[in-house]
Amino acid sequence: MSEKILTTLALVPPGVVVSYGQLADLAGLPGRARYAGHCLKKTSEVVNWHRVLRSNGQIAFPENTLNYNLQCEKLKSEGVEVKNGRVNMKRFGWIPDTYTLLSVLKY
DNA sequence: CATCTGACCTAAT
DNA sequence: GATTAGGCCAGAT
């Protein structure tokens with residue numbers, strides 16, 4: 001269950017971001033974005049949780065929190081543009097890398 | 001057992 | 001853009 005989420009997340013390459021919904025989908029749990037988020041919150045394992053955003057590209061934390069800043073920092077260090085706590089990621093207008101990611105993960 | 005809450009999403013105002 | 005309404009589900013109270 002939650003392992004699915006974590007393993008799927010572990011496959012996300014650097015420089016690529018996914019939303020909770022996408023993550024849940026790829027993990028075989030359609031419509032359970034919330035569950036994905038819950039898993040990340042609950043797990044204490046070291047995973048690349050910083051590559052997970054909301055569907056609109058916004059950071060899932062309130063501003064000026066520790067996690068918020070940390071996530072921004074990590075994303076930037078991976079070459080992801082973060083402006084005003086948000087990543088340029090229009091719905092259905094995914095960056096090409098995401099497509100490759102999808103095709104890889106669909107296996 | 002009932003209710004709230006939240007690292008959520010989509011569609012329609 | 002903003003707001004509302006509905007759906008979703010595991011924990012906490």
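Residue numbers begin at 1 in each chain, while the letters A, B, ... track the order of the sequences. Heavy atoms only: backbone and side chains are in, while hydrogens, waters and symmetry mates are out.
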Measure the CG-CG distance between A:L26 and A:L11 for me, rounded to the nearest 0.5 Å. 9.5 Å
Once you round it to whole Å, what is the distance between P of C:dA10 and CG of A:L29? 10 Å
Could you pull out all residues at least two apart from A:A60 that satisfy side chain to side chain contact (heavy atoms under 4.5 Å, CB included)? A:Y20, A:R54
Measure CG/A:L40 against P/B:dA7 and give the value in whole Å, please. 11 Å
Where along residues 61-71 of chain A does a heavy atom come under 4.0 Å from DNA chain B, residue by residue in number order? A:F61
Is the shortest heavy-atom distance from the side chain of A:V12 to the side chain of A:V17 under 4.5 Å? no
Whole-Å distance, A:R32 CZ to C:dA10 C1', equals 12 Å
Ignoring backbone atoms, establish whether A:S19 has a side-chain N or O less than 4.0 Å from OP1 or OP2 of B:dC9. yes
Per A:Y20 side chain, nearest of listed nucleotides B:dC9, C:dA10, C:dC9: B:dC9
Separation of B:dA7 C1' from A:L9 CG (nearest whole Å): 12 Å
By nearest atom, which of the nucleotides B:dC8, C:dA10, B:dA7 is closest to the A:W49 side chain? B:dA7
Take atom NE2 of A:H38 and atom C1' of C:dA12, then tell me their distance rounded to the nearest Å. 9 Å
Please confirm whether the shortest side-chain N or O distance from A:K42 to OP1 or OP2 of C:dG11 is below 4.0 Å. yes
Applied to residues 71-86 of chain A, the side chain to side chain donor-acceptor pair (under 3.5 Å) test, sequence neighbours excluded, yields A:H50-A:E78, A:R51-A:E78
Could you give all pairs that pass the salt bridge (charged side-chain N to carboxylate O under 4.0 Å, His left out) test and reach residues 8-21 of chain A, with sequence neighbours left out? none
Taken in chain and number order and not counting sequence neighbours, the residues that satisfy side chain to side chain contact (heavy atoms under 4.5 Å, CB included) with A:T43 are A:L6, A:E45
From the list C:dG11, B:dA7, B:dC9, which nucleotide is the closest neighbour of the side chain of A:K41? B:dA7
Expressed as a whole number of Å, how far does the C1' atom of C:dA5 sit from that of B:dA7? 22 Å
Roughly how far, to the nearest 0.5 Å, is the CZ atom of A:F61 from the CG atom of A:L53? 10.5 Å
Name the residue closer to the 5' end of DNA chain C, choosing between A:P30 and A:R86 according to the nucleotide with the nearest heavy atom. A:R86
B:dC8 phosphate, OP1 or OP2, under 4.0 Å from A:S55 side-chain N/O: no
A:L23 CG to C:dC8 P, in whole Å, measures 19 Å
Whole angstroms only, please: what is the OH-C1' distance between A:Y35 and C:dG11? 12 Å
Output the rounded distance in Å from CD (A:Q58) to C1' (C:dG1). 12 Å
Looking only at the side chain of A:R34 (C-beta and beyond, no hydrogens), which of the listed nucleotides B:dC9, C:dC9, B:dC8 gets closest? B:dC8
